[in-house]
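Below is one structure, written out as structure tokens, with a few remarks after it.
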Amino acid sequence: MDILRRVERSAEAAVQPVRPYVPALSRFLLVATFFEDSWRICSGWDVQMNFMVDERGLPIAVAASFLVLNVVIMLTCSTLAILRKHVPIAITGLVSVLAAQCLAYRLYEKSSYLLRAASIAGALLMLLADSLASARSHRAVLSLLPPLLTSTPLPAASPAAIDPFLRRPTAKPLLARLPRSAGSLWLSVGLASPAHVLLAGRVLLVTLCAGFIIGNEGAASPLGLLAAAVALAGAAMVVVGFRVRSSAVVLVALLAVSNVAANGWWTLHHEHPERDFQKFDFFQTLSVLGGFLLLLNLGPGGLSVDEKKKSF
């Protein structure tokens, strides 16, 4: 426990100077794989078209429409996610792209991709939890404002809008006039709460750690066994919400090092057959790291051991 406390204090001290920039950095890393995928489709258009037409048997018009739609959705939704605009809509679009590509390219046959895709979905849920928490905080602040600031008089005093006792125009709350964001609408109808979304995000986010343990070629070595044990322990602690920030710091360091070591696509020749695969895996892991950075910024949420300990 003392070691974890030291790690947590060290992490807090290290992050403190750059804390204001962590949310923006985490959002950028989170959508990095979608920007890279858009560039890969555009720069390798002929290869992509040949694959869709020859290997998947799609008509040329359908294949072209599929690729264009994927690029448009990924670029648009990734930009919205970075800007924190219409986040639930952006997340829905990005998740739909993950599902569509999984089916079109038959990536469901690769367990490593499924684990990474689940982790990216968890990272996107972290972004959704952040949006829902911000929407709830915004509503709470507006509810505390004085009536003078949260209401405006009607422009014209029609008979129907006159209070018969006070003989003055009735006031309509400004909050009722404001267009509510998608996140606010989700909260108002009870479809989601930040704590539940954060819990689901934590569970999915650590699935990449399982892939790291399973696919670690050096797992038989002492260093590989140690890395697998650390990844397993950190993943379990993130899921239950115990010492989440310190666990996330350890997992970020572990995944970052393993990502550079295993997916160094820049060291391969541009015609090397493994270059594109390693580049794809590298940017997907970057997106998962963005999710862990969001977890560092948000904390474990209400459904966690860390939060329950505060009640005792």
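Starting from 1, each residue takes its place in the sequence as its number.
For V240, the side chain to side chain contact (heavy atoms under 4.5 Å, CB included) partners two or more places apart in sequence, or in a different chain, are F242, V305. Residues satisfying the side-chain hydrogen bond (donor to acceptor under 3.5 Å, both in side chains) test with N263, not counting sequence neighbours, are N259. By the ring pair (Phe, Tyr, Trp, His ring centres under 6.0 Å) test, F51 is found to be paired with Y105, residues two or more places apart in sequence or in another chain being considered. Residues meeting the salt bridge (charged side-chain N to carboxylate O under 4.0 Å, His left out) test with R202, sequence neighbours left out: none. Partners of S287 under the side-chain hydrogen bond (donor to acceptor under 3.5 Å, both in side chains) rule, at least two apart in sequence or in another chain, do not exist in this structure. Looking at residues two or more places apart in sequence or on another chain, you find a ring pair (Phe, Tyr, Trp, His ring centres under 6.0 Å) between W266 and F282. R116 meets the side-chain hydrogen bond (donor to acceptor under 3.5 Å, both in side chains) test with D281, Q284; sequence neighbours excluded. A24 pairs by the side chain to side chain contact (heavy atoms under 4.5 Å, CB included) definition with R27, not counting sequence neighbours. Taking L204 as the reference, A118, A121, L125 meet the side chain to side chain contact (heavy atoms under 4.5 Å, CB included) condition, with sequence neighbours excluded. Taking the side-chain hydrogen bond (donor to acceptor under 3.5 Å, both in side chains) definition, one finds that R84 meets it with D130, S134, sequence neighbours left out. With sequence neighbours left out, S65 forms a side chain to side chain contact (heavy atoms under 4.5 Å, CB included) with no residue at all.
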Side chains of residues 93-103: which donor-acceptor partners sit under 3.5 Å, not counting sequence neighbours?
unit_1, atom_1, unit_2, atom_2, d
S96, OG, T92, O, 3.3
S96, OG, G93, O, 2.5
Q101, NE2, D37, OD2, 2.7
Q101, NE2, N70, OD1, 3.4

